[in-house]
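Remember, it's a predicted structure, so these values are computed and weren't measured experimentally. These values consider heavy atoms only, across backbone and side chains, with no hydrogens, waters or symmetry-generated copies.
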Amino acid sequence: MKAPIRIKITDAIGSNLGVSSEDGGAVFEKLNTALETDRPVELDFSGIEMVISAFLNAAIGRLVEHRTIAEINERIVITHIGEGGVTVLL
């Protein structure tokens, strides 16, 4: 298995808060570009204190317009989102 492309969310958005759809869009662009390769992709949420649904919809939800659910589930690994202190507001 090839090494994953790592997208560290704090680096992609320059913040520890995933609270805007604009920042989610920036993550989506990086994620969609990474999926053009044949490598798996890691979305690393370490350092993120809070995310809201608008951010997640813009970052990840939009992928269903471009990719199958199977590909999304097979190729993307989300890390550090459920670990101490990350608040997800839906």
Side-chain angles (χ1 to χ4, degrees):
M1 180 179 195
K2 295 182 179 186
I5 296 170
R6 183 172 173 247
I7 300 172
K8 187 161 171 52
I9 302 300
T10 54
D11 293 345
I13 65 174
S15 174
N16 63 348
L17 302 173
V19 295
S20 76
S21 57
E22 291 81 11
D23 284 346
V27 172
F28 169 79
E29 293 301 329
K30 290 181 177 296
L31 181 55
N32 201 40
T33 298
L35 288 170
E36 294 295 327
T37 71
D38 62 348
R39 294 169 54 191
V41 180
E42 174 189 359
L43 284 180
D44 180 357
F45 280 81
S46 61
I48 293 291
E49 294 179 14
M50 180 190 322
V51 294
I52 65 171
S53 59
F55 173 85
L56 293 172
N57 287 337
I60 302 168
R62 283 181 49 201
L63 286 175
V64 297
E65 298 171 12
H66 306 275
R67 312 278 173 187
T68 65
I69 297 294
E71 180 184 8
I72 292 167
N73 288 332
E74 290 170 8
R75 304 256 331 269
I76 299 172
V77 176
I78 297 174
T79 59
H80 305 112
I81 196 166
E83 299 175 11
V86 177
T87 302
V88 179
L89 301 176
L90 300 176

Give me each pair satisfying salt bridge (Lys or Arg N to Asp or Glu O under 4.0 Å) with a member in residues 6-23, each pair once, sequence neighbours excluded.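 Matches after skipping sequence neighbours: Arg6-Asp44.
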Could you tabulate the donor-acceptor pairs under 3.5 Å formed by side-chain atoms of residues 60-70, not counting sequence neighbours?
{"residue": "Arg67", "atom": "NE", "partner": "Asn32", "partner atom": "OD1", "Å": "3.4"}
{"residue": "Arg67", "atom": "NH2", "partner": "Asn32", "partner atom": "O", "Å": "3.4"}
{"residue": "Arg67", "atom": "NH2", "partner": "Asn32", "partner atom": "OD1", "Å": "3.2"}
{"residue": "Arg67", "atom": "NH2", "partner": "Glu36", "partner atom": "OE2", "Å": "2.8"}
{"residue": "Thr68", "atom": "OG1", "partner": "Glu71", "partner atom": "N", "Å": "3.0"}

For Asp38, what residues pass the side chain to side chain donor-acceptor pair (under 3.5 Å) criterion, not counting sequence neighbours?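 Asp38: side chain to side chain donor-acceptor pair (under 3.5 Å) contacts with Lys2.
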The criterion is side chain to side chain donor-acceptor pair (under 3.5 Å); which residues satisfy it with Asn57, sequence neighbours excluded?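 For Asn57, no residue satisfies side chain to side chain donor-acceptor pair (under 3.5 Å) once neighbours in sequence are set aside.
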How would you list, by chain and number, every residue that makes a side-chain contact (heavy atoms from CB on, under 4.5 Å) with Val19, sequence neighbours excluded?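 Once residues adjacent in sequence are excluded, the partners of Val19 under the side-chain contact (heavy atoms from CB on, under 4.5 Å) criterion are Leu17, Met50, Ile52.
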With sequence neighbours excluded, residues passing side-chain contact (heavy atoms from CB on, under 4.5 Å) with Ala26: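 Counting only residues at least two positions away or on another chain, Ala26 forms no side-chain contact (heavy atoms from CB on, under 4.5 Å).
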Side chain to side chain contact (heavy atoms under 4.5 Å, CB included) evaluation trace for Ile9 with Phe55: CA-CA 11 Å; Ile9 302 300; Phe55 173 85; 3.8 Å; yes
Can you get from Ile72 to Ile78 by hopping between Ile, Leu, Val, Met, Phe, Trp and Tyr side chains that sit under 4.5 Å apart?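 Yes, because Ile72 and Ile78 connect within a single hydrophobic cluster, where side-chain heavy atoms sit under 4.5 Å apart.
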State, to 0.1 Å, how close [X] and [Y] come at their nearest heavy-atom pair, and which atoms those are.
X: Val41; Y: Ala34; answer: CG2-CB, 3.7 Å
X: Ala3; Y: Pro40; answer: O-CD, 4.2 Å
X: Ser15; Y: Ile48; answer: O-CD1, 3.7 Å

Under the 3.5 angstrom rule, does the side chain of Thr33 hit a backbone N or O of Lys30 as a donor-acceptor pair?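 The answer is no, because no donor-acceptor pair under 3.5 Å joins these two groups.
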In Å, rounded to the nearest 0.5 Å, how long is the span from CD1 of Ile7 to CD1 of Ile13?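 So the gap between those two atoms works out to 12.5 Å.
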Test side-chain contact (heavy atoms from CB on, under 4.5 Å) applied to Arg75 and Leu31, Leu35, Ile5, the passing residue: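 One option only clears the test, and that one is Leu35.
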